[in-house]
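The block underneath contains the structure these notes are about, expressed in C-alpha cells.
Here is how names work: the chains are called A, B, and so on, in the same order as the sequence lines, proteins then strands, and each is numbered from 1. Only a predicted model underlies this, so the values are computations on that prediction, with no experimental measurement involved. Just so you know, these numbers use all the heavy atoms, side chains as well, and skip hydrogens, waters and symmetry mates.
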Amino acid sequence: EAEVAQSPRYKITEKSQAVAFWCDPISGHATLYWYRQILGQGPELLVQFQDESVVDDSQLPKDRFSAERLKGVDSTLKIQPAELGDSAMYLCASSSGTGGYEQYFGPGTRLTVT
Amino acid sequence: GEDVEQSLFLSVREGDSSVINCTYTDSSSTYLYWYKQEPGAGLQLLTYIFSNMDMKQDQRLTVLLNKKDKHLSLRIADTQTGDSAIYFCALVGGGSYIPTFGRGTSLIVHP
C-alpha cells in the first residue's frame, strides 16, 4: 500500500539553528500539504502545493519558514532560525486533488527545540 | 472561520460501544472526516461523510450527521484496546478546501 514518507522521524535542535524536513507524497498525488500539530491540538495548515506551485501559504511564518516542491514531487520544509515555540509535530499529507479529496498523512517529524 | 469542538477524553470498557462527538459552526461544511492518531504517528483517515448524508456505516464504525444541530458523531462498536488513540473530526467547506480539525478526543479503552 502506498504511503507518504517523511524524514527524519525525530529531530532535536538548539534554538537559532536551521532544520529541514523532507516529504515524499504518494505517487501521482498532485496536492501536498504541510501541517504543524502542537501537542494537544489538531493539525494546522502551514502550506499547500498543487504540483510545484504554492496554493496557500497564508499561515506560514515566512520570516523563518520556507517550503519548496521544485519538481512537483517531494517537498522540503525549512525553519531558520528555529525558536523554542517551533517544537511540534510536522505532518505532511497528500491527496489526488483538492476540495473534498481524501488526505493521506505521513508519520510526521517530531521537532524539539532546546 | 470554522470552529470545531470535541470533548477531550473518553474512557470505555473493552467490548462496549464508544461515541465520540464533534460540533461545528459552519453550516456550509461539505465534507466531514474522522481521523485516528496513535501515539507518535500521523493521522489515519477512518471514514468520512458528505453533508447530504445523515448516516454512514463502515464495519464497526457508524457516522451520524445532524445538520440542524451541526453535530457529528463517530460510534465504534465492540471497542477494543487497539482502538485507544486520539480521534479528530475535520471539516471542509465554507469556500475553503482546507480541512479544519478539532482538538481531538483521546479514547482510552480499559479491560
Given heavy-atom pairs under 4.5 angstrom as the criterion, report whether the side chain, backbone, both or neither of A/Q37 touches chain B. side chain
Of the backbone (N, CA, C, O) and the side chain (C-beta and beyond), which part of A/Y104 lies under 4.5 Å from a heavy atom of chain B, both, or neither? neither
Is A/I12 atom CD1 crowded by more than 12 heavy atoms from other residues, nucleotides or ligands, each under 6.0 Å away? no
Against chain A, label B/Q6 side chain, backbone, both or neither, depending on which of its atoms sit under 4.5 Å from a heavy atom there. neither
Within the 4.5 Å heavy-atom criterion, are B/W34 and B/C22 side-chain neighbours or not? yes
Taking B/K56 for its side chain and B/Y48 for its backbone only, find out whether a donor-acceptor pair lies under 3.5 Å. yes
Which one wins on heavy-atom pair count under 4.5 Å against chain B: A/A93, A/G106, A/G42? A/G42
Ring centers of B/F50, B/Y31 separated by less than 6.0 Å: yes
Answer with side chain, backbone, both or neither: which region of B/L43 has an atom nearer than 4.5 Å to a non-hydrogen atom of chain A? both
Could you verify whether a donor N or O on one side chain and an acceptor N or O on the other, from A/T31 and A/Q50, lie under 3.5 Å apart? yes
